[in-house]
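What follows is a single structure, written as structure tokens, with notes after it.
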Amino acid sequence: MRAVDVTSGMELARAVSVADTFVTRLKGLLGKKELPLGQGLWIRPCNSVHTFGMKFPIDVAFLDGEQRVVAVATTLAPNRVSGFHPKASSVLELPAGTLDATVTVIGNKIEIA
């Protein structure tokens, strides 16, 4: 699957995995040494993330049911907790530095297909 910010036209990831079961959502990116550029993880349902036990920072786009950005967390360091975003129904985790705060902003539509 690919993730594209259709509002800006920017490709966010060309290889997106989906975590949509209890086990895959619980595991997330734990155990990975890195999240290479061009890859991402779409967690659904989800409205908050943590990076406890991770070895690298990530960018996170919080998406509503229409896959519009409701919040962005850039360079979320290991051993941190993101904010809780009640309007989010899923999150897209990406390598740190992927989300440019001036390009992917609240309201943008993200297509994951």
Side-chain angles (χ1 to χ4, degrees):
M1 299 174 76
R2 271 179 77 213
V4 176
D5 180 336
V6 295
T7 306
S8 70
M10 186 172 129
E11 180 181 71
L12 302 175
R14 63 183 171 281
V16 177
S17 300
V18 179
D20 59 0
T21 68
F22 176 77
V23 173
T24 57
R25 287 174 33 232
L26 182 65
K27 183 173 182 194
L29 295 171
L30 293 175
K32 301 228 183 237
K33 292 182 180 181
E34 66 176 340
L35 182 59
L37 287 176
Q39 293 189 13
L41 180 65
W42 187 24
I43 305 173
R44 60 183 193 195
C46 185
N47 53 23
S48 176
V49 297
H50 72 84
T51 58
F52 292 108
M54 291 176 55
K55 299 177 184 344
F56 53 91
I58 57 173
D59 285 356
V60 184
F62 296 85
L63 310 173
D64 67 12
E66 295 178 355
Q67 292 175 216
R68 292 204 177 272
V69 176
V70 296
V72 173
T74 57
T75 317
L76 186 61
N79 302 310
R80 302 289 189 273
V81 177
S82 75
F84 171 71
H85 302 282
K87 292 182 181 178
S89 62
S90 66
V91 299
L92 180 60
E93 297 183 340
L94 300 160
T98 300
L99 294 177
D100 181 332
T102 63
V103 177
T104 300
V105 296
I106 293 172
N108 282 22
K109 171 87 169 154
I110 307 298
E111 182 177 281
I112 304 172

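The residues of the chain are indexed from 1 along the displayed sequence. A quick note: this is a predicted structure, and the numbers were derived from the prediction, not measured.
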Under 4.5 Å between any side-chain heavy atoms of P95 and E34, yes or no?
no

S48 meets the side-chain contact (heavy atoms from CB on, under 4.5 Å) criterion, sequence neighbours left out, with V81, S82, F84

Applying salt bridge (charged side-chain N to carboxylate O under 4.0 Å, His left out) to R44 and not counting sequence neighbours gives D20

Residue pairs meeting side chain to side chain donor-acceptor pair (under 3.5 Å), one or both in residues 50-65, sequence neighbours left out, come to none

Scanning both residues in full, the closest heavy-atom pair of N79 with G53 reads OD1-N, 3.3 Å

Give the cluster check for L12 versus L63: same hydrophobic cluster or not, with ILVMFWY residues linked at side-chain heavy-atom distances below 4.5 Å. yes

Sorted by chain and number, sequence neighbours left out, side-chain contact (heavy atoms from CB on, under 4.5 Å) with V72 holds for V69, T74, L99

F56 meets the side-chain contact (heavy atoms from CB on, under 4.5 Å) criterion, sequence neighbours left out, with L29, K32, L35, M54, I58

On a heavy-atom basis, the closest approach of N108 and T7 is CA-OG1, 3.3 Å

Hits for side chain to side chain donor-acceptor pair (under 3.5 Å) against R14, two or more places apart or cross-chain, chain-then-number order -> none

> Can L41 be reached from M1 by stepping across I, L, V, M, F, W or Y side chains whose heavy atoms are under 4.5 Å apart?
Replying inline: no

Residue pairs meeting ring-ring contact (aromatic ring centres under 6.0 Å, His included), one or both in residues 91-113, sequence neighbours left out, come to none

Sorted by chain and residue number, the salt bridge (charged side-chain N to carboxylate O under 4.0 Å, His left out) partners of E111 (sequence neighbours excluded) come out as none

By side-chain contact (heavy atoms from CB on, under 4.5 Å), K87 pairs with (sequence neighbours left out) V70

Shortest non-hydrogen pair, L94 vs A13, comes out as CD2-CB, 3.8 Å

Separation between OG1 (T98) and CD (E11), nearest 0.5 Å, reads 10.5 Å

Here the ring-ring contact (aromatic ring centres under 6.0 Å, His included) pairs for residues 85-113, sequence neighbours left out, are F62-H85

Heavy-atom closest pair (A3 atom, I112 atom, distance to 0.1 Å) is CB-CG1, 4.1 Å

Smallest heavy-atom separation, G65 atom then S89 atom, equals N-OG, 3.2 Å

Item to complete: State whether the side chain of R68 and the backbone N or O of G107 hold a donor-acceptor pair below 3.5 Å, judged by distance alone.
Response: yes

Contacts satisfying ring-ring contact (aromatic ring centres under 6.0 Å, His included) that involve residues 2-34 (not counting sequence neighbours) are none

For residues 94-113, the ring-ring contact (aromatic ring centres under 6.0 Å, His included) pairs (sequence neighbours left out) are none

Does one hydrophobic cluster hold both V4 and W42, with members joined at side-chain heavy-atom distances below 4.5 Å?
-> no

Given side chains that start at C-beta, do those of L26 and V23 come closer than 4.5 Å, heavy atoms only?
-> no

inquiry  = Taking V16 as the starting point, is it possible to reach I43 by hopping between hydrophobic residues whose side chains are less than 4.5 Å apart?
reply    = no

